[in-house]
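Here's the structure we're looking at; comments come further down.
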Amino acid sequence: MTPSGLLVGILGGMGPAATADFYAKLIRATPAETDQDHLRVVIWADPRVPDRSASLLDGGADPAPLIEAGIRALKDAGADLIAIPCNTAHAFIEGLAERWDVPIVHMIEETARRIAGLDPRVERVALLATTGTVRAGLYQDWLGRTGREVVLPDAREQAWIAKSIRGIKSGETGLEVRIGIAGIVAALAARGAQAVIAGCTELPLVLHDGDVSIPVVDPAQILAEAVVAQTTTRRIR
């Protein structure tokens with residue numbers, strides 16, 4: 001493979017482990033045989049970005065200024081396109097690509113497009129995500145445009161998922177959280193879900209395709225593949 005010469009910017013830190021996982025996925029998604037075949041990458045990981053769900057749900061500190069500061073830093077570093085491996089952060093990025101004149105590969109949009117192309121066709125998709133992502137309707141909006149229905153956890157299940165995500169961020173990735181998540185996926189499948197979106201970038205750390213009875217859709221993996229695909233179609237600086 002001949003490297004494109006493009007510089008990929010990763011806006012990370014939301015959270016740090018998910019950022020590291022995304023970069024690993026980007027490396028694996030790149031058809032490289034040598035070090036020199038890989039993409040040039042700059043990572044801006046700022047864990048000071050306020051909690052996205054707390055801002056959306058409870059009027060917590062606004063993460064938008066630090067998200068925009070990260071985009072500005074990546075733009076200044078020469079990034080030709082930007083990936084943001086945080087689902088909830090996508091509630092705060094409208095207009096930023098145009099303002100800073102740098103493409104942002106939209107993880108939610110790319111995931112909806114991938115699900116729309118699944119064969120056999122998937123009509124009903126379960127969503128495991130932060131409560132902020134659920135309430136913001138990010139996946140409901142993009143999947144609704146393709147005629148797909150989102151199957152959501154009930155209030156008790158959602159509270160458990162939100163608690164589990166906080167635990168994963170603090171390093172709790174053991175059997176208890178894995179069994180609990182698998183149980184919720186089973187309940188959603190029983191309610192008609194044909195696939196499940198791991199709609200928080202911490203969740204793929206404990207939930208993988210094959211762990212449950214329905215396919216697991218990993219938006220971070222889809223984002224990594226989309227970044228690789230877009231670097232082959234954009235003009236080198």
Side-chain angles (χ1 to χ4, degrees), residues 14-22 25 51-57 84-92 106-116 118 122-144 146 148-225:
M14 302 176 281
T19 302
D21 180 60
F22 174 73
K25 286 170 175 165
D51 186 281
R52 282 66 63 197
S53 279
S55 178
L56 289 167
L57 300 173
I84 306 175
C86 173
N87 289 268
T88 317
H90 282 68
F92 300 93
H106 199 289
M107 181 161 59
I108 317 295
E109 179 183 1
E110 293 292 339
T111 301
R113 183 180 295 117
R114 178 70 62 86
I115 290 170
L118 289 176
V122 169
E123 300 282 356
R124 308 187 76 221
V125 189
L127 175 62
L128 304 185
T130 66
T131 306
T133 294
V134 172
R135 296 273 183 87
L138 298 172
Y139 279 99
Q140 296 94 313
D141 178 19
W142 281 101
L143 285 165
T146 70
R148 271 64 181 178
E149 178 185 352
V150 177
V151 182
L152 296 175
D154 62 26
R156 180 190 61 80
E157 293 165 341
Q158 182 58 42
W160 202 94
I161 289 294
K163 177 183 176 182
S164 297
I165 291 170
R166 291 192 297 271
I168 296 166
K169 286 178 178 289
S170 66
E172 298 175 12
T173 59
L175 192 59
E176 180 181 358
V177 66
R178 294 170 186 267
I179 291 174
I181 289 172
I184 291 174
V185 173
L188 293 167
R191 300 204 288 270
Q194 299 164 279
V196 58
I197 300 169
C200 172
T201 44
E202 272 73 32
L203 287 172
L205 300 175
V206 298
L207 178 64
H208 310 100
D209 200 28
D211 289 350
V212 290
S213 63
I214 56 177
V216 176
V217 178
D218 179 356
Q221 179 65 39
I222 293 169
L223 178 61
E225 294 169 5

Audit row: Ile115, Ile197, side-chain contact (heavy atoms from CB on, under 4.5 Å) steps and yes/no: CA-CA 10 Å; Ile115 290 170; Ile197 300 169; 3.7 Å; yes
Parallel, tilted or perpendicular, as decided by the 30° and 60° cut-offs, for the rings of Trp142 and His106: tilted
Arg135 atom CZ, neighbour heavy-atom count above 12 within 6.0 Å: no
Of the non-hydrogen atoms in Thr146 and Arg148, which two are nearest, and what is the gap between them? O-NH1, 2.6 Å
Run the salt-bridge test on Glu110 and Arg114 with the 4.0 Å N-O cut-off and return the result as yes or no. no
Atom CG of Asn87 and atom CE of Met14: how far apart are they, to the nearest 0.5 Å? 10.5 Å
To the nearest 0.5 angstrom, please state how far the OG1 atom of Thr173 sits from the CD atom of Glu202. 11.5 Å
Working for side-chain contact (heavy atoms from CB on, under 4.5 Å), residues Asp211 and Val216: CA-CA 8 Å; Asp211 289 350; Val216 176; 5.7 Å; no
Could you give the side-chain donor-acceptor pairs of residues 181-191 under 3.5 Å, partners two or more places apart or in another chain?
residue: Arg191; atom: NH1; partner: Glu157; partner atom: OE2; Å: 3.4
residue: Arg191; atom: NH2; partner: Glu157; partner atom: OE1; Å: 2.8

Given 3.5 Å as the limit, does a donor-acceptor pair link the side chain of Thr201 with the main chain of Pro85, or not? yes
Closer than 3.5 angstrom, by distance alone: can the side chain of Glu123 be matched with the main-chain N or O of Glu149 as a donor-acceptor pair? no
Heavy atoms of Thr130 and Ile165 approach each other most closely as N-CD1, 3.7 Å
For Arg52 versus Cys86, what's the shortest heavy-atom pair and its separation? NE-SG, 3.8 Å
Is the backbone of Pro215 close enough, under 3.5 Å, to the side chain of Asp209 for a donor and an acceptor to pair up by distance? no
Once rounded to the nearest 0.5 Å, what's the spacing between atom CG of Leu143 and atom CD1 of Ile108? 9.0 Å
Looking at every non-hydrogen atom in both residues, tell me the closest pair between Ile214 and Gln194 and how far apart they are. CB-O, 3.7 Å
Can you name the closest pair of heavy atoms from Gly132 and Leu56 and give their distance? O-CD1, 3.6 Å
Show your reasoning for whether side-chain contact (heavy atoms from CB on, under 4.5 Å) applies to Met107 and Ile84. CA-CA 7 Å; Met107 181 161 59; Ile84 306 175; over 6 Å; no
Can you measure from CD (Glu172) to CG (Leu205) and round to the nearest 0.5 angstrom? 13.0 Å
Non-hydrogen atoms of Val177 and Trp160 that approach each other most closely: O-CH2, 3.6 Å
Ignoring hydrogens and angles, tell me if any N or O in the side chain of Gln158 forms a donor-acceptor pair with the backbone of Ala129 under 3.5 Å. yes
Distance in Å, Ile161 CD1 paired with Cys200 SG, rounded so as to fall on 0.5 Å steps: 9.5 Å
Between Leu152 and Gln140, is there a side-chain heavy-atom distance shorter than 4.5 Å? yes
